[in-house]
Amino acid sequence: MIDCGIIGATGYAGAELLRLLSSHPEVGGLSLSSVSFEGDAMERVYPNFLASLKRPGVSGRLVNQDAVVEASDIVFSCLPHGLAEKAAAECLAAGKVFIDISADFRFGDDEETFKAWYGKSWTNKAVHAASVYGLPELNRALIAKAKVIGNPGCYPTSAALGLLPALKLGLAQTDRIIIDAASGVTGAGREPSKTTHYPECADGYTPYKIGEHRHTPEIIRTLSGIAGTEVNAIFTPHLAPMNRGIVSTIYFGLAKPATLAELHEAYLHFYSGEPFVRVLPEGMVSSNRYVKFSNYCDISLHMAHDGKTAIIVSSIDNMVKGAAGQAVQNMNIALGFNETSGLTMIPPAF
């Protein structure tokens with residue numbers, strides 16, 4: 001059994017991590033920190049935890065960050081972008097595994113790109129150089145040996161999984177890939193804003209940060225690494241009137257002639273050993289409805305009328321496979337547990 005710590009536990013991703021780790025068979029102790037609610041009890045912030053935190057080794061009391069790092073074998077950070085470096089360095093020096101859910105460790109040693117898009121500088125470049133991008137379907141072998149893991153963003157996870165087989169197998173033209181993606185409001189975090197205020201978003205479907213969303217460089221970096229060449233990807237996010245989920249509709253020209261059946265068979269074969277990627281039968285359409293509260297990514301394949309343009313629909317729960325669930329999956333890999341431990345929940349049908 002291991003002791004886990006969550007820094008920034010009262011945000012949506014932190015609370016989702018606590019939900020998953022509370023029933024994980026390998027987790028003993030749980031320590032939680034929060035700047036906003038230090039000294040309070042987690043169940044007062046989220047009453048859904050009223051009974052689940054009453055077990056040995058688990059305290060719902062919110063303490064400071066240093067206490068969490070000291071008490072834990074593995075630390076999850078759910079802090080805002082630019083704040084995870086100190087805890088990551090402490091964990092690395094102590095030989096502990098550190099998994100960050102912000103963007104701080106998604107760019108390897110490329111500080112220039114991170115600074116350009118997130119406006120933050122690094123003070124400990126060695127920690128970033130030691131980090132691994134935590135997309136299991138792409139970097140499983142590296143994650144198994146890593147001490148610092150940068151959990152991918154939610155949009156990049158959906159986009160990368162939708163395109164991974166096509167780019168790896170040379171099926172997609174890389175000069176122009178279009179990614180239209182819609183996210184639930186939880187993707188904006190727990191702090192309210194005018195955009196996420198219920199009357200503003202309840203009955204609308206709105207593109208935002210067109211041409212300038214901060215997940216763009218992560219998507220391009222990941223897709224280019226998969227393809228082994230520069231990928232030109234145009235990404236447009238949309239805010240959808242739902243709590244959870246991401247649905248990405250992806251368009252690319254075929255690099256060589258293929259039927260829909262051949263494309264479908266290629267994806268089925270490529271993902272045949274992946275526990276959390278479900279390639280849907282031909283004729284079905286991927287939807288966030290059927291991955292909610294789960295760590296699955298559902299992929300459906302389609303062909304445009306010209307027979308030359310593939311259309312991929314990739315759906316995830318932004319709070320699970322797009323954040324906390326993927327972090328737990330990375331923990332399982334890094335610590336040698338069964339990769340599916342604590343993540344075998346079946347999505348509800350309605």
Side-chain angles (χ1 to χ4, degrees), residues 12-13 15-17 19-20 23-24 48 135-138 151-166 179-188 201-205 215 236-251 260-261 263-303 310-330 332 338-350:
Y12 286 152
E16 194 73 352
L17 260 172
R19 180 178 75 87
L20 298 174
S23 58
H24 194 291
N48 57 308
L135 187 66
E137 294 78 8
L138 179 64
N151 224 53
C154 49
Y155 283 126
T157 294
S158 179
L161 293 178
L163 285 161
L164 182 53
I179 304 163
D180 280 334
S183 173
V185 185
T186 50
C201 67
D203 298 312
Y205 177 80
H215 282 175
T236 304
H238 300 69
L239 182 64
M242 58 189 186
N243 277 335
R244 309 168 74 103
I246 283 180
V247 179
S248 297
T249 306
I250 304 164
Y251 310 84
L260 177 57
L263 188 64
H264 186 262
E265 181 59 33
Y267 268 67
L268 274 176
H269 180 73
F270 189 92
Y271 279 132
S272 61
E274 290 296 340
F276 295 115
V277 180
R278 306 191 298 191
V279 179
L280 302 186
E282 286 189 60
M284 292 183 69
V285 179
S286 173
S287 167
N288 73 298
R289 176 181 294 276
Y290 300 112
V291 295
K292 238 183 235 188
F293 299 102
S294 83
N295 201 51
Y296 288 113
C297 173
D298 278 4
I299 294 173
S300 64
L301 296 100
H302 315 270
M303 192 73 73
I311 304 171
I312 312 296
V313 183
S314 172
S315 300
I316 62 172
D317 185 317
N318 60 304
M319 298 308 303
V320 189
K321 185 58 172 167
Q326 187 147 252
V328 174
Q329 187 179 355
N330 281 323
N332 289 340
N338 185 317
E339 189 170 333
T340 64
S341 288
L343 296 170
T344 55
M345 67 288 286
I346 297 173
F350 50 85

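Heavy-atom basis, side chains included; hydrogens, waters and symmetry copies ignored. These figures come from a predicted structure and were not determined experimentally.
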How many angstroms lie between atom [atom1] of [X] and atom [atom2] of [Y], to the nearest 0.5 angstrom?
X	Y	atom1	atom2	value
I246	N318	CD1	CG	5.0 Å
L163	I250	CG	CD1	4.5 Å
Q326	F276	CD	CZ	10.0 Å
I311	T249	CD1	OG1	8.5 Å
C154	K321	SG	NZ	13.0 Å

Nearest heavy-atom pair of [X] and [Y]: which atoms, and what distance?
X	Y	result
A240	V185	O-CG2, 3.8 Å
I316	C297	CG2-CB, 3.7 Å
A160	L135	CB-CD2, 3.8 Å
P152	T157	CB-OG1, 3.5 Å
Y296	M345	CE1-O, 3.9 Å
Y290	A349	CE2-O, 3.7 Å

Are any non-hydrogen side-chain atoms of [X] and [Y] less than 4.5 angstrom apart?
X	Y	answer
N330	P136	yes
V328	N295	no
R278	V291	yes
S286	I299	no
L301	E282	no
E137	Q329	yes
L164	V277	no

For the side chain of [X] and the backbone of [Y], is there at least one donor-acceptor N/O pair under 3.5 Å apart?
X	Y	result
N288	R244	yes
S314	S158	yes
D298	S315	no
H24	S341	yes
S300	V285	no

Can you classify the ring geometry of Y155 versus H215 as parallel (below 30°), tilted (30 to 60°) or perpendicular (above 60°)? perpendicular
Report, as yes or no, whether the 6.0 Å neighbourhood of atom CZ on R19 holds more than 12 heavy atoms from other residues, nucleotides or ligands.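 More than 12 heavy atoms, drawn from other residues, nucleotides or ligands, come within 6.0 Å of this atom.
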Considering residues, nucleotides and ligands other than N338, do more than 12 of their heavy atoms fall under 6.0 Å from its CG?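 Enclosed: over 12 neighbouring heavy atoms sit under 6.0 Å from CG of N338.
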SB check K292 D317 (cutoff 4.0 Å):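 No, this pair does not count.
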Distance-only donor-acceptor pairs under 3.5 Å for side chains of residues 263-271, two or more places apart:
from	atom 1	to	atom 2	distance (Å)
H264	NE2	L280	O	2.8
Y267	OH	G162	O	2.7
Y271	OH	L161	O	2.6

